[in-house]
Trainee: 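I have a structure I would like to understand better, so I am pasting it below and will then ask my questions one at a time.
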Amino acid sequence: MRQTKKDRYFAMYKGDKYVDGGTIVELAKKYHRTIEQMIYLTYPTTHKRA
């Protein structure tokens, strides 16, 4: 069975500092974002822009 991005565990960082961890759905609810916004943050292009 293949995992989707919604099922995986992610860690959030701000610079080198660990902020939080959890699934996309949990983090979206906690930080008042949509799931689509959180998935967008996982793309390599987003990392290059920041």
Side-chain angles (χ1 to χ4, degrees):
M1 181 194 249
R2 188 171 180 208
Q3 283 188 329
T4 63
K5 284 200 177 201
K6 291 181 183 179
D7 298 331
R8 294 185 203 158
Y9 185 85
F10 288 91
M12 288 180 59
Y13 289 89
K14 186 168 189 172
D16 288 337
K17 186 179 176 188
Y18 176 79
V19 177
D20 203 356
T23 64
I24 290 282
V25 176
E26 293 170 347
L27 294 172
K29 285 181 183 178
K30 188 171 185 177
Y31 292 100
H32 307 289
R33 303 279 185 215
T34 64
I35 295 170
E36 290 78 19
Q37 287 175 323
M38 297 303 287
I39 290 173
Y40 173 76
L41 294 175
T42 66
Y43 297 142
T45 303
T46 308
H47 294 261
K48 290 178 185 177
R49 289 179 182 163

Trainee: Name every donor-acceptor pair, under 3.5 Å, that has one atom in a side chain of residues 11-27 and the other anywhere in the protein, sequence neighbours excluded.
Mentor:
residue: Y18; atom: OH; partner: G21; partner atom: N; Å: 3.1
residue: D20; atom: OD2; partner: K30; partner atom: NZ; Å: 2.8
residue: D20; atom: OD2; partner: Y31; partner atom: OH; Å: 3.1
residue: T23; atom: OG1; partner: E26; partner atom: N; Å: 3.3
residue: E26; atom: OE1; partner: T23; partner atom: N; Å: 3.1

Trainee: Is it the case that over 12 heavy atoms from other parts of the model lie below 6.0 angstrom from the NZ atom of K5?
Mentor: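 Result for NZ/K5: enclosed.
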Trainee: Measure across Y40 and T46 and return the closest heavy-atom pair with its distance rounded to 0.1 Å.
Mentor: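 So the minimum-distance heavy-atom pair works out to O-OG1, 2.8 Å.
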Trainee: Please name all residues satisfying side-chain hydrogen bond (donor to acceptor under 3.5 Å, both in side chains) with T4, sequence neighbours left out, ordered by chain then number.
Mentor: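 T4 satisfies side-chain hydrogen bond (donor to acceptor under 3.5 Å, both in side chains) with D7 once adjacent residues are dropped.
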Trainee: To the closest 0.5 Å, what do you measure between CD (Q3) and CZ (R8)?
Mentor: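 Going from the CD atom of Q3 to the CZ atom of R8 covers 6.5 Å.
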Trainee: Once salt bridge (charged side-chain N to carboxylate O under 4.0 Å, His left out) is applied, what residue pairs with a partner in residues 35-50 remain, sequence neighbours excluded?
Mentor: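 Qualifying pairs, neighbours excluded: none.
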